[in-house]
**Student:** 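Quick one: the structure is below, questions incoming.
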Amino acid sequence: MRVGNITLIILSLCVAVLGLHVGVRAYPTEDVWRAMVGTDTDATAIIIRDLRAPRMVLAALVGAALALSGLMMQSVTRNPVAEPGLLGVNAGAAFAVVVLLTYQSGVGIWAIMGVAALGAGIAAALVFGLALSVGASVSPVHLLLAGVTVAALLMAGVQVLVILNEQTLEELIFWLSGSFADRPLAGVWIVAAGLAIGGALCLALAPALDALRADDATATSLGVDVARLRLLLLGGAALLAGCAVALAGPIAFVGLAAPHLAQLSGARGHAQMIPRSMIFGMLLALTADVLARFILYPTEAPVSAVMALIGVPILISLLRSARMRLA
Amino acid sequence: MPEPLITIDAGIMGYRDMTVFNGLTLSIPKGEVTALCGPNGCGKSTVLKAMRGIQPLSAGEVILDAMPLGQWSAKGLARTVAMLGQTPTAPEEMRVRDLVALGRYAHRKPFAGLDIGDHTAIDTALRATTMVALAETPLANLSGGQAQRAWLAMVLAQQSPVIFLDEPTNHLDISHALSTLSLVRQMARNGGKTVVIVLHDLNMAATVADRIVLFKSGQVAAEGPVKEVLTSQNIETVFDIPCAVMTRPDSNLPLVVPLLGRIGKSEGNTNLSAQKADALE
Amino acid sequence: MTAARVSLPVGLVVLALVAAAMGSSFMPLDRVTAALFGQGSRADTVILWNIRLPRVTMALLAGAGLGIAGMLLQRATRNPLASPGVLGIVDGAAVGVLLFLLLFSNEANVLTVSIVWQPVAAILGAVVFALVVASLAARDDTRPMTLILYGISLAALANAIVVLLIIAGPVYRASQGLIWLAGSVQSAEWREVWMLAMALLVALPALVALIRPLDQLHLDDLSARTTGLSVTRTRVATLALSVLLTAAMVSIVGGIGFVGLIAPHAARLLFGTGAAWQLTGAALIGAGMVLMADLLVRVLFQPLEVPAGAVTALIGAPYFLFLLLRHGRAHA
């Protein structure tokens, strides 16, 4: 399964264009074209231009951000199952946002994003701190268990807060289920900027990341400042995941599946893996968003659930492959 | 050779993608100590497990005491053959006496506590292994040699006429290894037990065993009494190294000495090993 | 250990009495005992027997069941980090129950079949997911930790299905489903209590028969086999019992997390490693955990009904992280 970046980008664009056409109601291509190029303000144009188009943009950005975040976590922990969703980083962002919305109503997207990034950072520090305090060669299982447990802890906190504040319940449950629909677009720019900076930074660090695939001692002797690299990239990964969660809610498995698919598609070395993973993240999120419209038609299914349906088989096949060093 | 107690008949066995033995036939005589030896990966442990019904055969059969192994019940088999694996584990906080009591599993009646017979067997096993003083010590506090003796006590408490031991001297220093082997010797001589022991050290095998079976790449290369099997020719064939077989200074048992020819450590004196070998022949 | 063996049951009785006294209105202990023995006022008797006692009994039984199930699971997998929640059994049972509710409710949201079938649906769901996890892990049983990884994967899958089922179901069922999933013993009824009690009663003979094989399972597989234990049979029986117990508990009280994980550990510390004592301890500690969690949510959040499962997670998760850290260090 060797595919190039161009093919994948074209495929993503096709899914995005498909996403403009289909939904609760499907529209013919001339309607889509009219809505996208014109300035009509009829219902059809508004649905396509102001509802569907933004969510495709959001899906692509969030997908790429989660994929990059997942790849960074996997590379610096040398752990094929590291991922912001499974490791509790998304739950940290969600918890922080729920706390903010519980005690402060009517806050803007900027505040939400800041708090989400903070929450993600704290959760990441907690999980990785716990895991790395065991030793840099902590087993994937221990890291995963620490992440799942921190996630359970934070989600229990979210549950209590949500029940204590019934008025925010509706809104929060919608957001907590993860979706690209009806989200404020103001924050898109900051994610796009963060993605560009993060991507560039990672590409610049690609040789160091490649060296880190050996053990810590070897990487150090090759001239990599392992501790600093780890801190920098885990921090960056948490920030990206936090912003993504602030926009779309906690969505797991993109960060797991995208780098894995990138590797399957033939990408070798981080210089190839970074762009390829981001493109796969985009494609996955766009596909999940389109699928989410049909799984429970006419009700919209949460993207997080759809991603889990896609991601779990990938996780299981990962576990079955002999590549993985376990326990 | 005394009457065979255990026989493997045309046994084919191996692991998922590799056959280790293709048609192995082997007999273990009653009342003797038989050592299974051979290079790493020759399948000595596999044979031991096959004779205990733990390693399944894909063809052929194992006969224990005139009955195919498949017809033995789990507990009946445990009352006849006890076995100590290479890396036995039990919870660290468990006390030695409780570990030894686990050896009584196959003898106990349902819903009853340990009876007098059980206690006697446990005490005898603790005495034989000189573990009486440590009976109430948690396993975590034992040294390597003590832990090995605790496990041997558990095996003895099983009171089975046959005992299998898989590399019981691994990770033990030389004095603990020797005391373990002398315990094995005692079990056979005084207890009348049949012992099958896997050892990779030929000299240890020579001190403990009556008979030795040498394996090489899925076949029996030699078997018989110690002195007949441990010849320099057999050892060179099996281990692919030059060696000399001498007589121990303290007994008339053979002593195997690998020669350094291949390592070439005897730099300024290149002919030394060859000379030695000549002298010893 | 002797102290724990005496003080824990006594503490549990006291806790149960306190729980019976607390509620929307406080009932002093003398009135509780009076009502308990049929000597109290009519109102007291009704409150105690119809509202509080079912709730207290349900918390006790469910906690005991989850504690026992967790202990069985940890022994059978020889993995101190295994628990019904981590292995996807709880979420599997949830899928079963939600499918049951979805398939057998009419338009007025009334069940078209008897509620007693609900545990059966839960057991089916739990068994299906447990079988999938077990068969995935069976291929490489040399790496016991893979079991947990497969469990986490399948739990995530079951969770996604649960979310979809809740959204697909009627709105009324959705909110019901959310509360039930979170795990709570509020609005308990005697009928449900009896179902729990029956499940435990049925499990009891099997538990007694398993005590000695479980003790033998302290040994590694090879040693256990050579001392005469049918290891595979013991393990399958233990796992099956654990799955059935978990499913029965979850079908009625929902996903009360971390009890099955923490109770066996605490029992090992307080009651020792003998299977009989550890099982007793896990049952007592589990019962205490759920009762305490339910008491806490009643005292702290009255009149809001925060599920007890949220509290057990808030208490249990940090303890589990501590265990994980210690286990990781020991194996590093």
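Because only heavy atoms are used, hydrogens play no part in the values below, and waters and symmetry mates are left out as well, while side chains stay in. The sequence lines fix the lettering, A, B, ..., with proteins before strands; numbering per chain opens at 1.
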**Student:** Do NZ/NE/NH1/NH2 and the carboxylate oxygens of B:D166 and B:K44 come within less than 4.0 Å?
**Tutor:** no
**Student:** In terms of heavy-atom proximity below 4.5 Å to chain B, should C:L229 be classed as side chain, backbone, both, or neither?
**Tutor:** both
**Student:** So for B:R108, is it side chain, backbone, both, or neither that comes closer than 4.5 Å to the heavy atoms of chain C?
**Tutor:** both
**Student:** Should the pair C:Y319 and C:H265 be assigned to parallel (<30°), tilted (30 to 60°) or perpendicular (>60°) ring geometry?
**Tutor:** perpendicular
**Student:** Is there a donor in the side chain of B:T194 and an acceptor in the side chain of B:E32, or the other way round, less than 3.5 Å apart?
**Tutor:** no
**Student:** Work out which heavy atom in C:A267 is nearest to a heavy atom in C:A282; give both atom names and the distance.
**Tutor:** CB-N, 3.3 Å
**Student:** Under a 4.5 Å heavy-atom cut-off, does chain C meet the side chain of B:L102, its backbone, both or neither?
**Tutor:** both
**Student:** What's the shortest heavy-atom distance between B:V81 and B:Q158, and which atoms?
**Tutor:** O-NE2, 3.8 Å
**Student:** Report the option among B:K49, B:K75, B:Q86, B:M83 that has the most heavy-atom pairs separated by less than 4.5 Å from atoms of chain C.
**Tutor:** B:M83
**Student:** Quick one: what part of B:S160 sits under 4.5 Å from any heavy atom of chain C, side chain, backbone, both or neither?
**Tutor:** neither
**Student:** Who among C:G274, C:P213, C:A209 has the most heavy-atom pairs with chain B under 4.5 Å?
**Tutor:** C:P213
